[in-house]
There are 2 protein chains.
Amino acid sequence: MPYDPSAFPPFAVTVDLVVLTVRRHALCALAVRRGEAPFQGRWALPGGFVRGDEDLAAAAARELAEETGLHAHDPTGPAVPNAAHLEQLATYGDPKRDPRMRVVSVAHLALAPDLPAPRPGGDAHSVRWAPVEDLLEQDTGHGREGEQAAPLAFDHARILADGVERARSKIEYSSLATAFCPPEFTVGELRRVYEAVWGVALDPRNFHRKVTGTPGFLVPTGGTTTRQGGRPAQLFRAGGATLLNPPMLRPEA
Amino acid sequence: MPYDPSAFPPFAVTVDLVVLTVRRHALCALAVRRGEAPFQGRWALPGGFVRGDEDLAAAAARELAEETGLHAHDPTGPAVPNAAHLEQLATYGDPKRDPRMRVVSVAHLALAPDLPAPRPGGDAHSVRWAPVEDLLEQDTGHGREGEQAAPLAFDHARILADGVERARSKIEYSSLATAFCPPEFTVGELRRVYEAVWGVALDPRNFHRKVTGTPGFLVPTGGTTTRQGGRPAQLFRAGGATLLNPPMLRPEA
DNA sequence: CCTGTTTATCGTCAAGCAGACGACTATGAT
DNA sequence: ATCATAGTCGTCTGCTTGACGATAAACAGG
């Protein structure tokens, strides 16, 4: 193929973000309301154009910071308090996905601990955390009354679904579930993360045995807390291990 | 963020292909020799520009067909004899990855059975199957004498490494290893695929128990073959199951 | 024909892990 | 004091795996 970089169709390249967190026992995603056409007034995933001299990961980290104030967790940089996990998800390039022109979007997945408030970014448009269940339950007819039923703009429902599926499978074999937790957390809080992301109930005793028995997954900090009620629970930090072997098993039912 | 699609930096979007197969007990990738600058004369992954009205997956399938004659396996279409598995791998967009201009490449991963000959496509440039070990062993000083030691063009070594890692992990929990096999194959041939991709030796008896005991993985065709020498082996086709649960375990050593 | 070699296939056994679930502990609420 | 809640430790059973012995069915060479 004659490789002539000056003769190519014009593309716009954007990053879109699937930012997930666990709030009140539910897996939630960040959604922004669109101010302009197309899809004006509809909810969409946060995102924006990649700048001319910017790496894809840098663009995603910039958008994440603009929308949430969160910093991407960078293994080479210093540890920051409000660090979120950020990784590339997939790229969406259907010629008709944006009615205005050819836009290729490199979607990224971010996992963040529950934040005090979904702080709007520098722009004044409205931003909210919405349960992914609500954002994805469209045109199925069994939505709860009063719920907003308008589907997400563009192909963002598909992107969100892919991101959620990535998160669901990735916490099986990695320690990424800790990215949903504050710096110090209890075994029970971690279990509730798994339960919210997978949408299942887990046995507290087997879960405790599993996570405390996996070397490098959790390191005790020595402290305890009673913020969940009941008997005080040990506090842990995320250990250095990133891969869980053997993995956490998701109940099949 | 004011979303103005008419004001965006110009990008070129390409697809690059990591096409893997197993030849003579080694995991091999398709490489093409570059005819023009930059990196003239160096080996690179096959790829090309995405056309203006073309989906990313369609562009990848087109490039695959041009380079190898293979058709992408499409679940919705009819079964074709020489069908390869094709999936999106990741997107690479470092501003300096192509010295000429800003190029974002959506890499795809293809898994193909061993082909009779690495048929050059419509273009006359040279194409070959090369062991990934040779393509990736650069500047480490311990390459075998006489081996081509020039690293792959652009960031293709990184893309190839990512593709190989994807393939290595994906055959753990999916039935994708059958994509490396002809339509009918024996348990031993499938085992040699795992051994080549993982670079380990597997116990034939435990492997046989595992794959024949996983429902939906393999279906016997009734025939037998002695093409591997020794006692005749049963022939199988790939079953409908795509996910292996529990997964194949890769020896840790 | 007999024997060794190669590959396939079946079986056995012990260790490890997961699911089910009983029991006990330490807090706050009534 | 009693109850409710959540955390933590154990036990038992069944399944899966890894190690490995044994047998089967082909071919090659004497």
Side-chain angles (χ1 to χ4, degrees), chain A residues 24-25 171-173 181 184-196 198 200-237 241 243-253, chain B residues 24-25 171-173 181 184-196 198 200-237 241 243-253:
Chain A
R24 296 180 296 122
H25 278 228
I171 64 175
E172 288 185 35
Y173 58 89
C181 295
E184 294 198 351
F185 53 90
T186 69
V187 173
E189 289 165 343
L190 183 63
R191 175 169 49 81
R192 279 179 279 275
V193 164
Y194 274 92
E195 292 179 331
W198 284 345
V200 298
L202 299 174
D203 185 287
R205 299 157 290 190
N206 292 337
F207 183 87
H208 188 278
R209 175 183 62 191
K210 174 69 179 174
V211 296
T212 58
T214 300
F217 191 7
L218 301 180
V219 294
T221 66
T224 61
T225 182
T226 64
R227 61 185 168 216
Q228 298 295 335
R231 169 175 165 179
Q234 275 188 81
L235 285 169
F236 294 87
R237 286 182 299 104
L243 257 43
L244 265 36
N245 204 323
M248 290 284 307
L249 291 187
R250 169 159 41 163
E252 70 267 33
Chain B
R24 294 179 299 122
H25 278 229
I171 64 174
E172 288 185 35
Y173 58 90
C181 295
E184 294 198 352
F185 53 91
T186 70
V187 173
E189 288 165 344
L190 183 62
R191 175 169 50 81
R192 278 180 279 275
V193 164
Y194 274 91
E195 291 178 333
W198 284 346
V200 299
L202 299 175
D203 185 287
R205 300 157 290 190
N206 293 336
F207 184 86
H208 189 278
R209 177 182 60 189
K210 173 70 179 174
V211 297
T212 57
T214 299
F217 192 7
L218 301 180
V219 294
T221 65
T224 62
T225 183
T226 64
R227 61 183 169 222
Q228 298 294 334
R231 169 176 167 179
Q234 275 188 80
L235 285 170
F236 295 87
R237 287 183 298 103
L243 256 44
L244 266 36
N245 204 325
M248 291 283 307
L249 291 186
R250 169 159 41 164
E252 69 266 35

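Note that these values count all heavy atoms, side chains included, but never hydrogens, waters or copies made by symmetry. A, B, ... follow the sequence lines: proteins, then strands. Residue 1 opens every chain. Note that the structure is a prediction, hence the values are computed from the model and not measured.
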B:Phe236 CZ - C:dA8 P separation (whole Å): 11 Å

Sequence neighbours excluded, every pair satisfying side chain to side chain donor-acceptor pair (under 3.5 Å) that has a member inside residues 205-216 of chain B: B:Asp203-B:Arg205, B:Asn206-B:Arg209

Close side-chain approach of B:Cys181 to B:Thr186, heavy-atom, < 4.5 Å: no

Separation of atom CZ in B:Phe207 from atom P in D:dA19, rounded to whole Å: 16 Å

Length of the line joining A:Leu202:CG and C:dA20:C1', which is rounded to integer Å: 14 Å

D:dG7 base / A:Arg205 side chain donor-acceptor hit below 3.5 Å: no

Spacing of A:Leu235 atom CG relative to D:dG7 atom C1', expressed in whole Å: 12 Å

Trace of the side-chain contact (heavy atoms from CB on, under 4.5 Å) decision for A:Leu235 with A:Thr224: CA-CA 5 Å; A:Leu235 285 169; A:Thr224 61; 5.7 Å; no

Straight-line distance of A:Phe185 CZ to A:Gln228 CD, nearest 0.5 Å: 13.0 Å

Listed pairs, N/O of protein and of nucleotides 15-17 of chain D, under 3.5 Å:
| residue | atom | partner | partner atom | Å |
| --- | --- | --- | --- | --- |
| D:dT17 | OP1 | B:Lys210 | NZ | 2.7 |

A:Val187 vs B:Asp203, nearer the 5' end of DNA chain D by closest nucleotide: A:Val187

Touch class at under 4.0 angstrom, heavy-atom based, for B:Arg191 against every strand present: sugar-phosphate

A:Trp198/A:Met248 under side-chain contact (heavy atoms from CB on, under 4.5 Å): CA gap, chis, key distance, verdict: CA-CA 12 Å; A:Trp198 284 345; A:Met248 290 284 307; 4.0 Å; yes

Residue A:Arg24 excluded, over 12 heavy atoms near CZ under 6.0 Å: no

Whole-Å gap separating P (C:dT9) and CD (B:Gln228): 11 Å

A:Gln234 CD to C:dT25 P, straight-line distance once rounded to whole Å: 17 Å

Sugar-phosphate, base or nothing in reach of A:Arg192, heavy atoms under 4.0 Å: sugar-phosphate

Quick one: which protein N/O atoms are closer than 3.5 Å to N/O atoms of nucleotides 27-30 of chain C? Pair and distance per line, please.
none

For the student: nearest non-hydrogen atoms of B:Tyr194 and B:Ile171, plus distance: OH-O, 2.9 Å

Criterion side-chain contact (heavy atoms from CB on, under 4.5 Å) on A:Glu195 and A:Phe207, from CA distance to verdict: CA-CA 11 Å; A:Glu195 292 179 331; A:Phe207 183 87; over 6 Å; no

Distance below 4.0 Å between A:His208 side-chain N/O and D:dG7 OP1 or OP2: no

Separation between CD of B:Glu184 and OG1 of B:Thr225, rounded to the nearest 0.5 Å: 9.5 Å

